[in-house]
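Beneath this line is the structure, given in structure tokens, with notes to follow.
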Amino acid sequence: MELYPIFGWLDGLLEKVGITGPTADLITLVALAAMVFGLLSLIALFLVWWERKISAHIQQRFGPMMAGWHGVLQTVADAVKLIQKEDIVPTLADRKVFFWAPVICFVSAFAAYIVIPFGEGLIVSDLNIGILYIIAITTFTVISLLMAGWGSNNKYALIGGMRSAAQAVSYEIPLVLSILGVVMVAGSMSMVDIVESQSGWGGFRWNIFFQPLGFVIYLIAATAEANRTPFDLPEAEQELVAGFNIEYSGMKFAMFFLAEFVNMFTVSAIATTVFLGGWNGPFLPSWIWFLGKTLAIVFLLMVFRWSFPRLRVDQLMEFAWKVLLPLAFLNILYVGVFAKWLNW
Amino acid sequence: MTQDLHTEKMVINMGPHHPSTHGVCRLILTLDGENVVECEPVIGYLHRSIEKICENRTYAQCIPLMDRFEYVTSMSCNWVFALATEKLTDLEIPERAEYLRVIMTELNRIASHLLCIGVTGLDLGALTPFLYTFRERELILDLFEMTCGQRLTYNYIRIGGVSQDIPDEFIPKCREFLDIFDEKVDDYEKVLTENPIWMARNKGIGVISKQQVYDFAISGPSARASGVDFDIRRDDPYSVYDRFDYTIPVFEGGDSYDRYRARVQEMRESAKIIGQALDQLPGGDIRAKVRAMFKPKAGEVYSRIENSRGEMGIYLLSDGGKKPVRVRARGASYNHLLIIPEIIKGLKIADLVAIFASLDVILPEIDR
Amino acid sequence: MNPAELTAYITSNFSGQLETVENDQAEPYFIVPLSDLVPFSKFIHDDPQLELNYLMNMAGVDTGEQFEVVLNPCSLVNMQRLFFKVVLDRGDPKFDTVSNLWAAANWYEREIWELYGFEITGHPNLKRFLLPDDWDDGFPLRKGWVGKNVIPLPEK
Amino acid sequence: MGIISKLPVFTENLPGGGLVTTSLNQILTMTQAKSLWYLLFGTACCAIELMATGASRYDFDRLGMIFRASPRQSDLMIVAGTVTYKMAPIVKRLYDQMAEPRYVLAMGGCAIGGGPFYYDSYSVLRGIDKIIPVDVYVPGCPPRPEALLQGCLEVGKKLRTQKLEDWSGPKNESR
């Protein structure tokens with residue numbers, strides 16, 4: 001299902017109305033952005049409901065049942081309720097920083113979807129430095145956590161912010177190195193080329209079979225990037241009451257809440273594109289393959305959350321620098337030697 | 001190059017309202033980064049003046065108040081108060097009542113340990129064991145509800161015996177619970193004990209030495225985890241505990257991990273005791289003849305029993321009247337909170353939460 | 001050692017004068033004069049035969065006529081218990097701290113000081129910790145004390 | 001109030017404005033009732049029953065209620081247990097920190113009126129309605145989990161009668 005025919009029809013419509021040239025491009029881009037934004041907030045709402053249902057069934061209980069059939073409208077109810085809540089700004093808070101933190105978190109969470117291929121031709125714009133762009137954008141959420149920690153003038157939030165900065169910095173490197181292994185094999189950083197390089201053997205020539213260690217390192221670093229247990233130290237309820245989003249209420253908190261789930265989806269989308277062969281797969285249309293694999297990874301992340309205790313800050317750092325980093329280098333060495341020798 | 005960086009210590013308030021302080025305890029922490037430099041507990045937020053109220057109540061009226069003294073194991077609170085009053089009178093407690101008391105208190109010990117292990121898991125981020133342990137705890141609460149109609153504050157053990165006899169479907173249900181209980185404990189061990197993150201978070205944290213156990217009067221599983229082989233049921237025997245054979249689990253490590261393991265083993269032992277008590281349960285009536293306006297002899301007594309958290313004792317002074325002159329309830333968490341500032345120096349906030357949960361400190365027996 | 005031997009051992013070995021009280025409880029019961037509180041505690045804490053190193057309970061008592069402090073040490077090594085009491089004078093109740101012998105006594109004494117108003121000389125940090133900080137209503141656990149927000153039980 | 005509170009002003013002068021706001025009001029309060037996030041605030045024995053209600057058998061999550069540790073994000077404060085005079089200012093401050101539309105459920109005899117500690121106690125506050133407005137009282141010592149769940153549903157019913165304009169802005173300043 002190509003994306004371009006839709007825009008062809010839209011351009012035709014604009015001709016009739018008499019808008020051409022740059023304004024027409026602007027309108028199509030805005031329409032595209034609205035479509036991606038709509039799709040993603042739908043997915044985020046679904047993920048929130050799905051997480052509560054999975055956690056409930058893991059823990060032998062029902063999970064939300066009252067809002068709609070089996071609580072399907074539960075997240076809609078939460079979102080609409082959060083809109084009605086009062087928007088408190090603590091008196092001594094750093095107002096500008098406090099206000100912009102959720103905005104940056106929200107924007108950076110959605111900005112990563114410019115280069116993620118949802119299907120055969122379903123990509124907003126195929127940058128040739130796609131994967132590098134994603135890694136740069138996803139670290140913005142760390143800045144917003146720091147701003148939230150500092151802005152809300154609360155000691156617990158400050159500790160939460162500091163922890164998130166330390167965690168992101170130390171887990172960024174193994175993440176990048178594990179992706180580097182795939183980029184070396186694919187020969188290009190564009191997401192579409194990476195997926196093309198995995199389309200051999202009838203769509204089953206995925207990188208995970210060749211670089212299993214890289215996949216495992218990526219998964220661990222990704223859980224840390226998305227602040228999920230066992231690495232969810234920034235908002236550890238038991239220690240820091242609610243971590244960085246302690247002072248946020250109403251719509252600002254909803255932004256943080258949705259951004260967290262969109263981040264989780266981003267991280268698993270990159271995992272599918274880089275390691276599980278994006279949209280490659282026999283008979284089914286490409287975007288179903290993509291969605292299926294991503295939701296499988298999201299399911300894995302969710303099961304992590306409900307089965308592992310939380311690590312301490314120094315254990316977290318130690319694990320990143322002393323265990324994950326050497327393994328990442330080992331993975332690159334392995335890929336470098338075998339890639340040359342097996343001339344993939 | 002390293003000129004001295006001006007780093008300030010941050011005083012933080014792990015205040016009365018905090019998810020991981022069980023109840024309302026406030027810890028004023030002085031932090032240097034993440035490490036706790038100094039910790040000063042402030043209590044009294046749940047000080048309900050139970051001792052002052054008991055001085056104006058008859059002995060029978062004190063029992064429900066004693067329920068609220070330590071609400072997670074209310075059975076042992078009733079029992080320790082009844083034991084203290086019985087020492088001041090020459091009442092003859094019927095055999096069946098003694099066995100019912102043992103069965104109920106051991107069931108309550110298992111329920112309290114289940115709650116403690118669940119909440120320890122909750123505090124360290126593992127949310128699922130909390131739900132599993134509470135599932136078993138609900139089965140025990142059904143048993144309690146069957147006999148005395150209440151889930152938490154039972155008012156079941158009275159002076160001279162117990163208030164009601166157990167219904168006839170109690171024993172089959174209790175047997176059924178005991179059958180499934182052992183493999184349920186294996187489930188918890190599977191989820192938590194061998195979990196490397198759980199070990200990393202609990203091993204070597206908050207080590208209590210034997211000398212500290214003596215000085216700070218630490219008791220119960222927290223003392224047995226530091227190598228002190230002391231259990232009131234065996235060393236200072238009361239009631240019919242000498243008729244059952246059970247072992248007292250003792251560990252040498254003294255850290256949070258061993259305290260957790262001591263509690264898990266203790267649950268298995270308690271299940272064994274209940275099984276034997278059900279086998280030997282005699283017939284007969286369940287309460288000695290006690291006049292309504294019960295007046296014990298004048299005298300002083302300090303009676304103690306082995307509660308799930310440690311030693312629970314009642315100092316009772318009576319002048320022969322129908323109201324006690326002085327009741328002093330001693331809880332185990334009182335000393336466990338006292339030792340936390342000693343063993344927390346230099347550790348992190350996350351460790352403080354782990355130690356707090358592993359020592360099973362709850363606030364009603366500190367504030368009374 | 002059973003209670004009788006224990007009483008005999010203590011009365012013979014302890015230098016100060018003691019008064020033993022007959023009661024049918026399982027442990028010996030002494031009344032120690034105020035000045036001998038710390039020497040007696042040191043004796044029973046350090047004597048190798050006794051080694052009562054675990055302070056079970058320490059309670060302040062107001063029996064209407066006299067103030068007392070009751071201590072119950074016990075030994076986890078050779079499983080013995082002891083029950084001894086110190087009578088304070090009514091006018092100016094004061095006693096020396098034993099918290100350097102038993103660290104558990106630290107909070108016991110602090111509580112006695114706060115709820116009974118007995119002066120404790122040598123206590124490391126006597127601060128209010130059970131009652132609200134702005135408490136100015138006397139000492140609640142004393143007999144005959146009536147607080148401003150206490151609702152008495154209506155007599156039938 | 002959030003963004004939504006300005007809406008009634010616009011819809012008033014629309015044709016049939018009154019109808020729009022009431023039906024809008026219905027939808028909005030229905031969503032509030034369906035997702036009441038409660039503040040984890042337990043002091044005494046009722047806190048254990050609160051945890052038991054949150055566990056698998058009685059499960060708050062079925063009603064869409066999850067526990068939030070920070071008062072900012074919670075809209076229902078379940079005061080579970082005895083509130084002493086030393087704890088009263090803290091309960092008041094927590095209530096102030098909660099974002100509007102907020103509700104209070106007094107759980108257990110102690111929170112309603114001092115419970116077993118009403119007579120002869122010098123340190124127990126007899127009932128939290130002396131310091132904060134209470135919406136629903138759940139009697140019991142401690143109340144059964146079913147009673148607590150029914151209390152939460154009562155909060156949902158009472159909430160339906162709230163008007164949008166009632167929460168037109170913070171009433172006191174200490175935020």
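These figures come from a predicted structure and were not determined experimentally. Lettering of chains follows the sequences in order, A, B, ..., and the numbering in each one begins at 1.
When heavy atoms are compared at a cutoff of 4.5 Å, A:L82 approaches chain D solely by way of its side chain, counted from C-beta outward. In this structure, chain D has heavy atoms under 4.5 Å from both the backbone and the side chain of A:E247. Only the side chain of A:F253 comes within less than 4.5 Å of a heavy atom of chain D; its backbone N, CA, C and O stay farther away. For D:D59, the part sitting under 4.5 Å from any heavy atom of chain A is the side chain, from C-beta outward, and nothing else. There is no contact between D:M30 and chain A, counting heavy-atom distances below 4.5 Å.
Contacts with chain D were tallied for A:Q74, A:R61, A:M65, A:Q59; A:R61 has the most, counting heavy-atom pairs under 4.5 Å. By number of non-hydrogen pairs under 4.5 angstrom with chain A, the leading residue of D:A33, D:A55, D:S56 is D:S56. The choice from D:L36, D:L63, D:D75 that makes the most heavy-atom pairs within less than 4.5 Å of chain A is D:D75.
For the 3.5 Å distance criterion, the side chains of D:E154 and D:Q150 qualify, holding a donor opposite an acceptor. Remark: the D:Y103 side chain and the D:Q32 side chain contain an N/O donor-acceptor pair separated by less than 3.5 Å.
Under the side-chain hydrogen bond (donor to acceptor under 3.5 Å, both in side chains) criterion, D:Y38 pairs with no residue, sequence neighbours left out.
In this structure, D:R126 satisfies the cation-pi test against D:Y118, with its NZ or CZ atom closer than 6.0 Å to the six-membered ring centre and inside 45 degrees of the ring normal. Relative to the six-membered ring of D:W37, A:K85 misses at least one condition, a distance below 6.0 Å or an angle of at most 45° to the axis.
Note: A:W49 and A:F46 have tilted aromatic rings, judged against thresholds of 30 and 60 degrees for the angle between ring planes.
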